[in-house]
Novice: 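Provided herewith is a single structure, encoded as structure tokens, for subsequent inquiry.
Every heavy atom of this structure was used, including side-chain atoms; hydrogens, water molecules and symmetry mates were not. Numbers restart at 1 for each chain; the letters A, B, ... are given by sequence-line order, proteins then strands.
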Protein chains: 2
Amino acid sequence: MAFHKKEEFSAKEQSLAAFAKAISHPARIAILNVLAKKNECICGEIVDVLPLAQSTVSQHLKELKMAGLIDGTVDGPRSCYCINWKAFEKFNSDFNSLFEKLKEVNAKCC
Amino acid sequence: MAFHKKEEFSAKEQSLAAFAKAISHPARIAILNVLAKKNECICGEIVDVLPLAQSTVSQHLKELKMAGLIDGTVDGPRSCYCINWKAFEKFNSDFNSLFEKLKEVNAKCC
DNA sequence: AAGCCTTATCGTATATTTGCGATATAAGAT
DNA sequence: ATCTTATATCGCAAATATACGATAAGGCTT
């Protein structure tokens, strides 16, 4: 009894879904937003602006990093994170190629 | 002990996260893709193109509908679904307003 | 009315996610 | 060498998500 059949879908579908899963939590959106707004690496400060424990934030950062949405380097006693814009471009491009093109020819019929 | 602190984030963050969660499974991406490609309501046929049981597909459809990504109407013995393009536009707009604008001024530094 | 077809819902098992505190790690400061 | 500070990881508990088969519900067809 297979309980996860994600493998049975196309690579593009899986990759889109994986990106979406990475941003499917408000905390991770908030983290990305902080990184985007600062326009540079953030070393620390992230925990302070979130209503979550340090360990929880660290876990979210790990997930974002593993999903490839952010890059991180260890810098002495701190860690520095910044957004991987290429991943965002890929998501946008994949997302649009699946849905965006049909928007104008599609009429609501339900 | 609150185990979900999603309420503590902004409405925009929550709404973006909710949309992302809805498309965070390959099966739901595949469903949306079928609906987008057909350019009309789909009554049936969806179960046939997915490697999942009928009940599972029905559940995914329910989730997509509850998240507002698709509209559905009961048409006699069948159900008809089509994409709610407005929801997609809102997602794109929210997504871009959070991340897209900073892309060009951002330099990779990690 | 009885049977059929399509879709939704229920019940249930398993897997994953979310969150926290406690602890480990690693570098700089004293 | 020890202490402090910042971050990561571990271990656990609770909540959600995923999937399926079984069953219900709602209209056609005969």
Side-chain angles (χ1 to χ4, degrees), chain A residues 1-9 13-14 17-31 34-35 41-67 69-82 110, chain B residues 1-9 13-14 17-31 34-35 41-67 69-82 110:
Chain A
M1 211 161 301
F3 265 46
H4 272 94
K5 316 190 89 177
K6 291 183 181 170
E7 327 75 47
E8 311 212 9
F9 295 91
E13 284 162 352
Q14 289 187 52
F19 188 102
K21 182 185 275 295
I23 62 169
S24 74
H25 194 288
R28 292 196 286 272
I29 302 240
I31 289 172
V34 171
L35 291 176
C41 277
I42 302 291
C43 310
E45 303 171 51
I46 299 182
V47 173
D48 303 331
V49 299
L50 291 180
L52 297 170
Q54 178 268 325
S55 59
T56 308
V57 173
S58 185
Q59 233 172 263
H60 282 305
L61 284 165
K62 190 182 176 186
E63 279 172 65
L64 287 170
K65 191 174 177 182
M66 286 195 303
L69 305 215
I70 63 177
D71 293 311
T73 51
V74 181
D75 173 28
R78 297 157 181 261
S79 287
C80 287
Y81 290 104
C82 64
C110 286
Chain B
M1 213 157 301
F3 265 52
H4 271 93
K5 316 191 89 178
K6 290 182 182 171
E7 328 76 46
E8 311 213 10
F9 295 91
E13 284 162 352
Q14 290 186 52
F19 189 102
K21 183 185 273 298
I23 63 169
S24 76
H25 193 288
R28 293 196 284 273
I29 302 241
I31 289 172
V34 171
L35 291 176
C41 277
I42 301 292
C43 310
E45 304 172 49
I46 298 183
V47 174
D48 303 331
V49 299
L50 292 181
L52 297 170
Q54 178 269 323
S55 59
T56 307
V57 173
S58 186
Q59 233 172 263
H60 282 305
L61 284 165
K62 190 183 177 186
E63 279 173 65
L64 287 170
K65 191 174 179 184
M66 286 195 302
L69 305 215
I70 63 177
D71 292 311
T73 51
V74 180
D75 174 29
R78 296 156 182 263
S79 288
C80 286
Y81 289 105
C82 63
C110 287

Novice: Between atom NE2 in B/His25 and atom C1' in C/dT16, what is the gap in whole Å?
Specialist: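 Distance, rounded to whole Å: 11 Å.
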Novice: Output all residues satisfying side chain to side chain contact (heavy atoms under 4.5 Å, CB included) with B/Gln59, sequence neighbours left out; order by chain, then residue number.
Specialist: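 With sequence neighbours excluded, B/Gln59 shows a side chain to side chain contact (heavy atoms under 4.5 Å, CB included) to no residue whatsoever.
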Novice: Under the side chain to side chain contact (heavy atoms under 4.5 Å, CB included) test, which residues partner A/Ala17, sequence neighbours left out?
Specialist: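 Side chain to side chain contact (heavy atoms under 4.5 Å, CB included) check on A/Ala17 returns B/Pro26, B/Ile29.
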Novice: Just N and O in the side chain of A/Lys21: are any of them under 4.0 Å from OP1 or OP2 of C/dT17?
Specialist: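 Yes, such a contact exists.
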Novice: Please enumerate all residues that pass side chain to side chain contact (heavy atoms under 4.5 Å, CB included) together with A/Ser58, with sequence neighbours excluded.
Specialist: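 Expected list: A/Gln54.
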Novice: Think B/Arg78 has a side-chain N or O under 4.0 angstrom from the OP1 or OP2 of D/dG26?
Specialist: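 The answer is no; no side-chain N or O of B/Arg78 sits under 4.0 Å from OP1 or OP2.
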Novice: Would you indicate whether the side-chain heavy atoms of A/Lys65 and A/Ile70 approach each other to under 4.5 Å?
Specialist: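 Yes, side chains in contact.
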Novice: For D/dA17, does either OP1 or OP2 sit under 4.0 Å from a side-chain N or O belonging to B/His60?
Specialist: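 No, outside the criterion.
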Novice: Identify, with sequence neighbours excluded, every residue that meets side chain to side chain contact (heavy atoms under 4.5 Å, CB included) alongside B/Ala30.
Specialist: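 Expected list: A/Phe9, A/Glu13, B/Leu50.
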Novice: Could you give all pairs that pass the salt bridge (charged side-chain N to carboxylate O under 4.0 Å, His left out) test and reach residues 50-60 of chain B, with sequence neighbours left out?
Specialist: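 Those involving residues 50-60 of chain B do not exist here.
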Novice: Can you tell me how far P of D/dT18 sits from CD1 of B/Ile29, to the nearest Å?
Specialist: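 Checked: the CD1 to P distance equals 12 Å.
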Novice: What protein N or O atoms touch nucleotides 8-11 of chain C N or O atoms at under 3.5 angstrom, if any, and at what distances?
Specialist:
{"unit_1": "C/dA8", "atom_1": "OP1", "unit_2": "B/Ser79", "atom_2": "OG", "d": "3.2"}
{"unit_1": "C/dA8", "atom_1": "OP1", "unit_2": "B/Tyr81", "atom_2": "OH", "d": "2.4"}
{"unit_1": "C/dA8", "atom_1": "OP2", "unit_2": "B/Ser58", "atom_2": "OG", "d": "3.0"}
{"unit_1": "C/dA8", "atom_1": "N7", "unit_2": "B/Gln54", "atom_2": "NE2", "d": "2.8"}
{"unit_1": "C/dA8", "atom_1": "N6", "unit_2": "B/Gln54", "atom_2": "OE1", "d": "3.0"}

